[in-house]
Amino acid sequence: MTVVGTRGATLTEGGADFPTGFVWGAATASYQIEGAVHEDGRGPSIWDTFSHAPGRVAGGDTGDVACDHYARHAGDIALMGELGLAAYRFSVAWPRVRPAGGGPVNARGLDFYDRLVDGLLRAGITPYATLYHWDLPQALEDAGGWPERDTAYRFAEYAAAVHERLGDRVGHWTTLNEPWVAAFLGHGNGVHAPGRTDAAAAFRAAHHLMLGHGLAARALREAGAREISLVLNLSPVITPAQVSDPGAGLSEADAEAVGRIDTLLVRQFTEPALRGEYPAGFLGIVDRNGGLGHVRDGDLGIVHQPIDVLGVNYYNPCVVEAGPGLAADAAWPGSEDVRFCPADGVPATAMGWPIVPSGLSRLLVRLSDDYPEVGLMITENGAAFDDVVEDGRVHDTRRTAYLEGHLRAVHAAIADGADVRGYLVWSLLDNFEWAEGYRRRFGIVHVDFATQRRLLKDSALWYREVIARNGL
Ligand code: FCB
């Protein structure tokens with residue numbers, strides 16, 4: 001089947017060469033893989049507390065051991081080398097670096113990232129460091145967490161401390177990973193740490209996360225960081241009809257629902273970061289959900305720092321339609337009168353996430369139209385399936401098909417003019433998938449959590465070929 005991209009470029013079968021210098025890599029995050037939660041002076045994070053609280057994570061799983069990457073990073077770097085990765089995106093655990101959130105820097109915590117970075121560079125792999133992938137020091141949560149303004153300032157201090165140690169070798173810096181998830185799953189529906197359910201706290205957290213982004217970006221820039229990015233979870237917001245027919249028209253009521261959810265998911269973050277303002281209508285929503293007392297004059301100027309790259313984490317589209325009379329979803333304060341819909345007629349992953357590669361083309365073209373000054377990078381894309389190990393192999397054909405479909409979508413977006421500079425698969429390793437624990441496997445490398453044995457899945461072998469060919 002041939003799928004046509006937004007401006008006519010096609011997601012055809014057959015060859016697809018990517019631009020010279022296109023960056024191929026993989027991504028992980030500290031709490032999901034490191035384990036070693038008591039090692040070398042690390043302090044507790046909100047995810048330690050949350051995962052140890054009964055009933056919060058499937059199977060009672062915690063990140064205590066995870067992939068034991070803290071001890072096994074050398075072997076994991078060797079695997080990356082085998083795959084030919086050019087880039088590896090990891091996150092730094094704030095509670096290793098500043099165990100109490102603020103206060104003294106724990107040099108032993110930074111030593112780990114020193115070893116990691118040196119190992120990557122020796123293997124010819126470019127490190128991409130993310131400073132916040134959700135593991136807030138518990139001490140800062142005890143002081144009020146992201147709903148408190150002070151947390152943003154502590155974040156910038158921590159960011160500067162990490163840059164001071166690694167900045168001579170790390171050129172690619174991401175401030176935050178997915179502030180929408182941290183704010184609205186952490187404080188709205190409470191499915192993620194710290195598990196609060198308070199719409200006002202969620203909006204305060206989102207604002208302070210973005211303030212922290214701006215403060216940290218400014219500190220990194222002043223310290224000489226070469227490339228600075230913000231990573232967002234982004235989806236095109238579409239109606240059920242647009243799942244299979246991207247060009248389907250919208251009723252006025254559906255267009256309003258789509259526009260409002262796009263404001264909450266996408267423009268709440270892109271507009272302050274890239275334009276220095278909140279989108280029209282947004283502050284009214286915040287005002288109705290606890291007020292605007294936390295938004296101070298000058299904040300948006302701080303949030304609006306020049307960034308080089310917008311990191312796009314894409315898994316699936318967000319499908320909505322008008323739903324008169326419906327109450328707001330707890331993860332989406334401000335979503336009154338909107339129905340969140342399943343995507344009918346397309347397959348789904350083990351997470352239940354619908355597989356719609358054309359959504360990625362649509363998203364990338366829209367972002368490069370709206371924000372032409374910033375480069376784009378796919379910082380996460382991938383899928384969980386119920387993998388089976390058979391005779392030492394994992395024939396994860398559905399994962400390979402997912403990745404191939406999405407790479408074709410990236411290729412089509414580039415042909416349509418989007419400035420996409422690289423693709424990082426989520427994830428290198430099966431890992432602790434937050435509230436889903438270990439039962440959801442996203443890795444291209446299988447991890448046997450009883451033995452810590454790593455095994456390249458068929459998708460990893462396929463990805464190695466894609467990298468070697470710089471295309472499909
Ligand atoms: C993203 C997270 C990442 C991983 C994937 C599946 O939202 O950034 O840590 O859990 O989803």
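The first residue of the sequence shown is numbered 1, and numbering continues consecutively from there. Counting starts at 1 for both ligands and their atoms, in listed order. Just so we're clear, the structure is a prediction, and the values are computed from it rather than from any experiment.
Checking Arg89 against Thr130 by side-chain atom types alone, a donor-acceptor pair falls below 3.5 Å. Side-chain atoms of Asp396 and Ser459 include a donor-acceptor pair closer than 3.5 Å. There is a side-chain donor-acceptor pair under 3.5 Å between Glu178 and Asn313.
If you look at Asn233 next to ligand 1, there are no close heavy atoms at all, none under 4.0 Å.
Taking the side chain as every heavy atom from C-beta outward, Trp134 and Phe50 never approach each other to under 4.5 Å.
Among protein heavy atoms, the minimum distance from atom 5 (C) of ligand 1 is reached at Tyr315 OH, 3.2 Å. Counting only heavy atoms of the protein, atom 7 (O) of ligand 1 lies nearest to Glu178 OE1, 2.5 Å. Scanning all protein heavy atoms for the shortest distance to atom 10 (O) of ligand 1 gives Glu433 OE1, 2.7 Å.
Interface atoms of ligand 1 facing Phe442, defined by a heavy-atom separation under 4.0 Å, are 6 (C). Within ligand 1, counting atoms from 1 as listed, the ones closer than 4.0 Å to a heavy atom of His133 are 2 (C), 3 (C), 8 (O), 9 (O). Each of the following atoms of ligand 1 lies closer than 4.0 Å to a heavy atom of Asn177: 8 (O). For ligand 1, the atoms closer than 4.0 angstrom to any heavy atom of Trp434 are 3 (C), 4 (C), 9 (O), 10 (O). Close contacts of ligand 1 with Trp134, meaning ligand atoms under 4.0 Å from a residue heavy atom, involve 2 (C), 7 (O), 8 (O).
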Practice task
Go through the steps to decide whether Glu433 and Arg439 satisfy the test salt bridge (Lys or Arg N to Asp or Glu O under 4.0 Å), and finish with yes or no.
Solution key: CA-CA 8 Å; Glu433 177 46 35; Arg439 68 179 179 175; over 6 Å; no
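Taking the centre of each ring, His73 and Phe112 come in below the 6.0 Å mark.
Ion pairing between a basic and an acidic side chain is recognised when a charged N comes within 4.0 Å of a carboxylate O; Asp299 and Arg149 show such pairing.
For ligand 1, the polar-atom distance check against Trp426 finds no nitrogen or oxygen pair separated by under 3.5 Å. At least one N/O-N/O distance between Glu380 and ligand 1 falls below 3.5 Å.
Remark: distances from the non-hydrogen atoms of Met351 to ligand 1 are all 4.0 Å or more.
Between Tyr128 and His172, the two ring planes are parallel [angle under 30°; tilted spans 30° to 60°].
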